[in-house]
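Values below: all heavy atoms of this structure, side chains included; hydrogens, waters and symmetry mates excluded. All figures in this text were calculated on a predicted structure; none of them were measured in a lab. Order of appearance sets the numbers: ligands from 1, and atoms from 1 within every ligand. For reference, positions follow the sequence shown, starting with 1.
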Amino acid sequence: MMWPYPKILAHRGGGIIAPENTLAAMRCGHACGFAAVEFDVMLSKDGVPVLMHDEYFGRTIRAAGSVAETLAIDLCRMDAGTWFSATFTGEPVPLYADVVRFCRQHGIWMNVEIKPSKGAEVATGNIVAELTKALFSDIAVTDILHLPLFSSFSFTALMAAKHAAPGIPRGLLMDCIGHDWKSQLQELDARSLHANHQYLNPVLIRQVKDAGYGMLCYTVNTPERASEVLAWGGDALCTDRLDLISADF
Ligand code: G3P
Ligand code: MG
C-alpha cells in the first residue's frame, strides 16, 4: 500500500481559513478536524528551515527582500498574518521545528514540501532532511504513518533528502506529469507522485497506480472535482477549501 496516509490534506496548513504556512493555520486546520496537512519549507540565510511559500517577500510578508537573505531570528519577527486579515496581525513566520512539534502533539500527519530558493536545492533538501531525521529519531523507519512524507518540485532537493535521510519517504511534485516521471520516481525511490489535478485524467492516474505509486492531486477546491479525481483512482488530495471539502470527504 503506497498511500497509507489520510485522503484529504489541508493545503498550507489551513487553506483559505487562515494565513498560509503559519502556526495559526495549523491550529485552524486542526480545529476543522483535519488530521493531515501540507506546508512549504524554505531555508533562511543562516540555513534554518522555516515555513514559507514565496522566495521573495511582498505577498504574505509586507517587506522587501527574500527568505534566503534574511536571518531566521528576523524572519520569526516578521508578520505573516496581516496580509490575510487583521485578526491574525502579529502571527509570525514559524520555524519548521516548531510546526513539527505542534503537529506531533496533535497527531497531525505532515506532507512536508521542500521549497528551495533558487540555487539552494541541495542545501535545502539536505538540511530539511537532517533536521527531520532528528525530530523523528524516536520513530522507527517502519512506522510509516508516524513519519512525514517529503515532496518537492525539485528532483535535486529530493535526491539530497534521500541521501541525508533515506528512511523518510518521498513524493515527486510535478505540474503537468512529464514523460520521464517513472525513471525519476525510480531514482528517488519514491512512494508517490503529486500532480496538478488540472492536467490529470483517468488514464494517467491508472498508469501511476499500476506502476505501484501513490497519487496525490493538488490543489482541488471543489467537491465535484474532488469526487472525480478520487473516482479516477487518486489516493489523496490537498485543498484550500476546508469549508467545502471536509476531512472525512
Ligand atoms: O504540495 C502541493 C502544492 O502545495 C504544490 O504547489 O505552489 O501550492 O506549493 P504550491
Ligand atoms: Mg506546497
Side-chain angles (χ1 to χ4, degrees), residues 2-3 5-23 25-26 29 34 36-43 49-61 66-68 80 83-84 93-94 96 99-100 103 108-118 120-121 124-125 128 132 148-158 161 168-178 181 184-185 188 190-200 204-205 208 213-222 225-226 229-230 234-242 245:
M2 285 313 259
W3 194 270
Y5 310 120
K7 190 166 59 172
I8 312 290
L9 285 66
H11 189 226
R12 303 184 191 175
I16 62 153
I17 63 170
E20 65 184 53
N21 289 319
T22 62
L23 272 168
M26 307 303 144
F34 280 72
V37 75
E38 183 269 1
F39 53 76
D40 308 293
V41 178
M42 200 177 280
L43 292 187
V50 300
L51 264 63
M52 186 67 73
H53 183 276
D54 299 5
E55 196 172 333
Y56 293 93
F57 302 143
R59 185 175 61 89
T60 64
I61 305 285
S66 71
V67 180
W83 73 276
F84 184 85
V93 175
Y96 168 55
V99 173
V100 167
C103 289
I108 302 168
W109 179 75
M110 290 161 264
N111 170 202
V112 177
E113 183 185 342
I114 302 173
K115 201 74 142 179
S117 299
K118 201 168 169 19
E121 288 81 7
T124 310
V128 172
T132 305
L149 172 71
F150 288 142
S151 63
S152 188
F153 287 104
S154 168
F155 178 82
T156 307
L158 282 176
I168 310 282
R170 294 158 297 283
L172 179 63
L173 267 161
M174 287 186 151
D175 191 21
C176 188
I177 296 181
W181 64 270
Q184 290 198 46
L185 289 176
L188 288 165
R191 285 189 83 85
S192 52
L193 182 62
H194 303 200
N196 187 331
H197 78 92
Q198 291 174 344
Y199 307 118
L200 286 174
L204 264 174
I205 293 184
V208 174
Y213 296 102
M215 177 87 235
L216 178 140
C217 314
Y218 73 86
T219 298
V220 180
N221 286 332
T222 66
R225 185 62 171 170
V229 295
L230 295 173
D235 293 300
L237 58 89
C238 63
T239 185
D240 294 313
R241 296 306 302 263
L242 311 196
I245 301 173

Is there a side-chain contact between [X] and [Y], using heavy atoms and a 4.5 Å cut-off?
X      : Y      : result
Ser117 : Thr124 : no
Tyr5   : Arg191 : yes
Val112 : Ile168 : no
Val50  : Val41  : no

Taking the Mg ion (ligand 2) as the reference point, name the nearest N/O/S atom of Glu113. OE1

Contact between His194 and ligand 1, counting heavy atoms under 4.0 Å?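 For ligand 1, residue contact (heavy atoms, under 4.0 Å) with His194 is absent.
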
So for Lys115 against ligand 1, with non-hydrogen atoms under 4.0 Å, the contacting part is side chain

Side chain, backbone, both or neither: Leu173 near ligand 1, heavy atoms under 4.0 Å: side chain

Is there a nitrogen or oxygen of [X] sitting under 3.5 Å from a nitrogen or oxygen of ligand 1?
X      : answer
Ser151 : no
His11  : yes
His53  : yes
Thr219 : no

What's the spacing between Leu173 CG and Ser154 OG if we round to 0.5 Å? 10.5 Å

Which is closest to atom 1 (O) of ligand 1 by heavy-atom distance: Met174, Glu38, Arg12, Glu20?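 Nearest heavy atom to atom 1 (O) of ligand 1 lies in Glu38.
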
Okay, side chain of [X], backbone of [Y]: is any donor-acceptor separation there less than 3.5 Å?
X      : Y      : value
Thr219 : Cys238 : no
Arg225 : His197 : yes
Asn196 : Cys176 : no

Compute the angle centred on the Mg ion (ligand 2) spanning OD1 of Asp40 and OE2 of Glu38, and express it rounded to 10 degrees. 110°

Of all protein heavy atoms, the one nearest atom 5 (C) of ligand 1 is Glu113 OE1, 3.5 Å

As an exercise, identify every atom of ligand 1 less than 4.0 angstrom from a heavy atom of Phe153.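 Within the 4.0 Å cut-off of Phe153, ligand 1 contributes 5 (C), 6 (O).
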
